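Scroll down for the structure; my scribbles are underneath it.
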Number of protein chains: 2
Amino acid sequence: MAGQGPAELVLIAAVARRHYLQDRSKVEIAEELGISRFKVARLLDAAREMGLVRIEIVRQGTLDLDVSAQLQERFGLTHAVVVDTPDRDATTVRQQLGEAAAHLVEEVVTADDVLGLPWSRNVYAVVSALNRLAPAEVVQLSGAIALPDFDSSAVDIVRRAARLSGGRSHVFYAPFVLDDAASADAVRRQPPVAEGLARARSVTVAIVGVGQWAPGESTIHDLLSAAEQAELAELGVIGEVAGVFFDRDGKVCRPSVADRLVTVDEDALCGIPEVVAVVSGAAKEEAVRAALRGGLVQSLVTDAELARALLARS
Amino acid sequence: MAGQGPAELVLIAAVARRHYLQDRSKVEIAEELGISRFKVARLLDAAREMGLVRIEIVRQGTLDLDVSAQLQERFGLTHAVVVDTPDRDATTVRQQLGEAAAHLVEEVVTADDVLGLPWSRNVYAVVSALNRLAPAEVVQLSGAIALPDFDSSAVDIVRRAARLSGGRSHVFYAPFVLDDAASADAVRRQPPVAEGLARARSVTVAIVGVGQWAPGESTIHDLLSAAEQAELAELGVIGEVAGVFFDRDGKVCRPSVADRLVTVDEDALCGIPEVVAVVSGAAKEEAVRAALRGGLVQSLVTDAELARALLARS
DNA sequence: CATTGGCTTGCTCAGATGAGCGGCGAGTGG
DNA sequence: CCACTCGCCGCTCATCTGAGCAAGCCAATG
């Protein structure tokens with residue numbers, strides 16, 4: 001089977017050149033080289049078999065399309081975008097992820113869609129990078145968390161998106177996490193909040209971050225006491241999306257802590273047909289894998305590191 | 001025409017992956033992705049147009065098959081083999097060239113062929129690297145030159161080849177270059193020499209070196225006096241093959257110096273259907289180009305340097 | 001010398017593919 | 001509001017291509 005001598009090898013290369021590089025038809029090549037088209041086909045098979053032809057999907061700017069497509073195929077995603085930055089700096093990665101996701105949103109969201117946005121640093125990065133948006137309605141999906149180095153509320157995010165789209169926006173001012181269930185209940189009962197959260201049921205596209213239940217990998221995790229962190233971990237919580245917790249299988253959990261959050265309820269979240277997760281870092285592999293398994297998210301915008309981690313196993 | 005958003009790009013990549021990497025049919029891909037086969041075809045066109053798919057012919061060991069095939073095509077050669085060595089050392093290159101050419105000869109020469117071998121360092125390298133050979137007849141095409149650092153006669157070359165083939169050999173002992181035409185004539189009239197050279201007319205495959213008419217690029221050139229070197233250069237001689245001189249167009253010249261050589265005559269050389277030149281070094285570009293132009297050689301075994309030089313212009 | 005087995009070659013026919021065409025809808029200017 | 005243009009889409013038909021098959025070839029073997 002090994003094309004023995006150099007003459008044979010060069011013939012194979014000649015055929016491969018003509019077919020792949022100059023893409024001529026096999027019949028044409030056969031006529032030119034004075035061999036049968038079957039022989040041409042067999043030489044081409046041989047060429048591929050012995051690895052003589054190398055085909056690769058080239059990166060486009062910062063997008064690794066090849067890995068994107070693999071990710072999309074492997075997990076049956078609606079959309080997958082993998083950003084490959086040489087830079088490992090978290091802020092840079094977040095920004096590039098935001099740009100990529102923004103382009104995706106610009107492309108995918110139509111006037112008929114209702115866009116849902118929870119509070120999240122990654123979601124903020126996406127909306128910041130947005131340049132235009134179809135005139136879709138924009139809905140706030142959660143309250144906000146004030147972070148020392150981060151000065152945008154959930155409202156800002158929604159407002160900016162709505163301003164770009166020219167569509168209607170539905171906002172409310174509320175904290176994401178409260179001290180106790182009663183307070184949260186009270187906040188949720190306020191008309192703007194109740195109304196806003198009710199609109200979550202009409203959302204058709206949501207952009208979310210994914211938190212993994214580990215220090216530094218979920219803003220909510222880091223806001224809770226060590227006891228609470230451990231309690232949820234014991235319940236099997238592996239991650240959260242917009243304050244909705246889930247376990248290793250992606251099954252939604254409802255720990256008591258959930259009562260203290262002002263955010264979309266789990267049924268509404270699960271009812272959104274297209275949830276786009278914007279996530280980076282191999283550390284979040286488990287949470288993302290679970291969210292995918294449970295069908296909580298349909299699309300991914302990630303960095304190369306996380307994408308490779310997801311593809312490596314299973 | 002530019003596939004705008006990332007979703008489109010990833011779709012194109014997904015299609016390209018499936019088609020080129022997993023080679024599935026377009027119909028199949030269309031069904032899987034829920035688009036028409038025409039769209040698949042158009043996406044693939046787009047992918048190639050925007051350079052998203054990269055195809056290359058990979059090197060096989062020391063052989064650069066891609067360049068080989070290009071050379072073969074460009075100059076209409078019967079065979080072309082390009083050896084790409086990282087090493088630039090002349091001896092190493094000669095040896096590797098010899099091995100490649102030897103493999104070619106092993107593959108190409110059949111029992112029906114008559115193999116013609118002139119004296120030449122490169123031809124010696126080829127025969128040294130030969131391991132087996134079809135039982136072809138072997139014919140000596142020229143006398144020999146004694147070189148200080150090179151201890152093989154034309155006879156040795158022929159004998160070794162004949163021993164490997166098991167076929168008949170036709171040898172004669174004679175110098176390649178004599179002091180004057182009369183001496184050369186006398187040598188040529190000796191029965192073994194006359195008989196041997198007459199057999200050149202029946203040769204079907206010859207392996208030759210190519211000399212360029214410049215210092216250090218042709219053993220014959222370097223053996224002559226400065227006056228003779230200049231005389232031939234003025235006659236337009238650009239190179240020689242087995243002691244047959246030719247000009248820039250590859251047209252055979254017959255300067256008076258030719259009368260002093262004991263070698264195949266030009267008609268016999270031109271009558272050989274398959275002359276394989278084993279040459280290396282960009283310095284010989286002109287001579288090789290001329291030899292090709294004049295149809296003196298039909299096949300080439302070269303190093304990457306010379307091959308690239310030949311392909312670069314014209 | 002005949003046989004056999006492995007391998008290569010070219011053929012048939014059904015299914016895949018490409019080129020060109022007409023239809024449809026979105027955007028645009030009157 | 002309508003006509004126009006432009007780009008995208010899917011269709012038809014002729015061509016190309018792949019899978020499987022049978023004939024020829026070579027070499028090793030009885």
Side-chain angles (χ1 to χ4, degrees), chain A residues 1-50 52-53 55 106-113 132-136 165-167, chain B residues 1-50 52-53 55 106-113 131-136 164-167:
Chain A
M1 181 47 63
Q4 342 221 10
E8 175 83 359
L9 284 172
V10 173
L11 175 62
I12 293 177
V15 169
R17 259 196 84 69
R18 274 158 238 251
H19 186 70
Y20 287 112
L21 266 32
Q22 308 171 352
D23 53 303
R24 323 235 244 110
S25 90
K26 303 185 184 182
V27 175
E28 211 176 344
I29 297 168
E31 280 165 5
E32 183 179 337
L33 300 184
I35 53 184
S36 79
R37 69 185 184 85
F38 306 99
K39 176 137 189 157
V40 171
R42 283 177 186 126
L43 290 174
L44 283 171
D45 288 349
R48 301 207 60 172
E49 220 171 288
M50 68 178 76
L52 200 142
V53 201
I55 305 182
E106 288 169 6
E107 185 182 6
V108 160
V109 171
T110 70
D112 298 332
D113 281 313
R132 57 191 174 72
L133 190 60
S165 86
Chain B
M1 183 46 64
Q4 339 222 9
E8 176 82 0
L9 284 173
V10 173
L11 175 61
I12 293 177
V15 169
R17 258 196 85 69
R18 274 160 239 248
H19 187 69
Y20 287 111
L21 268 32
Q22 307 171 351
D23 55 303
R24 323 238 243 111
S25 91
K26 302 184 184 182
V27 174
E28 210 176 346
I29 297 168
E31 279 165 4
E32 182 178 339
L33 300 183
I35 54 185
S36 78
R37 70 184 182 87
F38 306 99
K39 177 135 192 157
V40 171
R42 283 178 187 123
L43 291 174
L44 283 172
D45 288 347
R48 301 208 60 172
E49 220 171 287
M50 69 177 74
L52 200 142
V53 208
I55 306 182
E106 288 169 6
E107 185 183 5
V108 160
V109 171
T110 70
D112 297 332
D113 281 313
N131 290 315
R132 56 189 175 76
L133 190 59
L164 284 168
S165 83

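Proteins come first, then strands; the chains are lettered A, B, ... in the order of their sequence lines, and each starts at number 1. Only a predicted model underlies this, so the values are computations on that prediction, with no experimental measurement involved.
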Strictly distance-based, threshold 3.5 Å: is any side-chain N or O of [X] a donor or acceptor partner for the main-chain N or O of [Y]?
X: Glu107(B); Y: Glu8(A); value: yes
X: Glu106(A); Y: Gly5(B); value: no
X: Asp113(B); Y: Thr110(B); value: yes

For Leu52(B) and Ala13(B), the nearest pair of non-hydrogen atoms, with its separation, is CD2-CA, 4.3 Å

Nearest heavy-atom approach of Ala111(A) to Ala134(A) is N-CB, 3.6 Å

Distances for protein N/O vs nucleotides 19-27 of chain D N/O pairs under 3.5 angstrom?
none

Rounded to whole Å, how long is the line connecting atom [atom1] of [X] with atom [atom2] of [N]?
X: Arg18(A); N: dC16(D); atom1: CZ; atom2: C1'; answer: 19 Å
X: Ile35(A); N: dC11(C); atom1: CD1; atom2: P; answer: 14 Å
X: Ile12(A); N: dT8(C); atom1: CD1; atom2: C1'; answer: 14 Å
X: Glu8(A); N: dT9(C); atom1: CD; atom2: P; answer: 8 Å

- Query: Between Arg24(B) and Glu32(B), is there a salt bridge with N-O shorter than 4.0 Å?
  - Reply: yes

dist Arg18(A):CZ -> Leu33(A):CG (nearest 0.5 Å) comes out at 4.5 Å

Within residues 22-32 of chain B, the residues having a heavy atom closer than 4.0 Å to DNA chain C are Ser25(B), Lys26(B), Val27(B)

Q. Phosphate oxygens OP1/OP2 of dC9(D): is one of them under 4.0 Å from a side-chain N or O of Ser36(B)?
A. no

